[in-house]
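Numbers for residues simply follow the sequence, beginning at 1. When a ligand or atom number is given, it counts from 1 through the structure's own listing order.
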Amino acid sequence: MTANATGYYTHADCRRHDMGEGHPECPQRLDAIEDRLLITGVGDALDRREAPPAALSDLALAHDRMHLAALQGLEDQLAEQIEAGGPAHIHIDADTSMNRHTWEAARRAAGAAIAATDAVIAGELENAFCAIVPPGHHAERKQAMGFCFINNVAVAARHALERHGLSRVAVIDFDVHHGNGTEDILAGDPRVLMVSFFQDQLYPFSGNVPKGDNMLNVPVPAYTKGMDLRELLEQTWFPRLEAFRPEMIFISAGFDAHREDDLGQLGLVEQDYAWITHRIREVARKHAGGRIVSCLEGGYHLGALARSVEAHLRVLADL
Ligand SMILES: [Zn+2]
């Protein structure tokens with residue numbers, strides 16, 4: 001273990017959360033990433049760690065207590081339903097449902113982000129990637145939605161601010177969908193700068209009007225390609241990030257802006273994810289001692305997801 005190592009946090013319980021047959025947010029996503037890291041040898045270069053479960057007090061850093069109680073209530077209701085021979089899932093909205101393992105998986109996912117934050121701030125790791133599900137960036141303070149229950153990145157960012165006493169953290173969201181949940185939780189917090197891009201007029205159809213001065217939202221039209229996006233980010237994200245001088249950077253790392261991903265219509269490829277990661281790493285090295293915690297969000301084409309995560313990790317780990 002060296003101070004410039006890259007951590008890789010995950011947990012077998014994340015693999016047990018599923019939202020039913022044919023759902024794009026499926027356990028095979030984590031398998032595809034694991035396979036790719038194994039085949040390429042990239043996994044050997046990472047400091048692999050088991051994610052601990054987050055405590056309720058951790059989740060309450062970003063969520064209303066009623067929201068947490070409601071999720072726990074659904075967990076109990078589901079247990080009774082299954083015992084009575086009923087369905088194995090409980091629906092929260094049309095595309096978001098819980099099975100018996102969802103609550104535990106969600107606690108492990110947030111726990112991964114918190115533990116990664118602790119290790120990076122302690123200087124055990126330079127940066128870390130959390131291979132976690134459920135994803136988090138659509139989960140609002142009081143509402144689970146869009147495959148998300150707990151906002152992993154918002155919990156970790158608040159953990160860094162409240163418990164480690166950092167005064168400025170940046171949240172960078174490059175998922176194809178707008179991170180409405182993270183915006184809902186962190187808008188108006190002057191200790192946070194959130195920058196994101198997302199496909200315009202796509203789920204959750206928010207973000208065109210930012211909810212706070214600390215939100216830099218960059219909607220991009222469908223079919224935008226990587227080179228055009230890079231130019232746009234150089235003009236928007238990076239001057240704001242440089243001026244903000246973050247002490248730590250959190251990434252909502254969704255890979256569904258890939259051109260092979262059917263959930264969005266953007267045209268990014270692996271090299272674009274490598275470029276974005278490289279530019280973020282430059283900002284982190286200049287202002288934040290290299291400190292980055294990156295959390296998996298979307299990415300539903302299994303091959304494209306695995307190759308893009310590999311590209312992201314190769315840059316984080318200097319491979
Ligand atoms: Zn997404």
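A salt bridge is absent between D184 and K142; no separation between the charged side-chain nitrogens and carboxylate oxygens falls under 4.0 Å. A salt bridge is defined here as a Lys NZ or Arg NE, NH1 or NH2 lying under 4.0 Å from an Asp or Glu carboxylate O, and K286 with E282 fails to meet this definition. Taking a cutoff of 4.0 Å between a charged side-chain nitrogen and a carboxylate oxygen, E34 and R15 do not qualify as a salt bridge.
Taking 2.8 Å as the criterion, D256 counts as a coordinating residue of the Zn ion (ligand 1), since one of its N, O or S atoms falls below it.
By the salt bridge (charged side-chain N to carboxylate O under 4.0 Å, His left out) test, R307 is found to be paired with E260, E270, residues two or more places apart in sequence or in another chain being considered.
Within H177, the N/O/S atom positioned nearest the Zn ion (ligand 1) carries the name ND1. D175 contributes OD1 as its N, O or S atom closest to the Zn ion (ligand 1).
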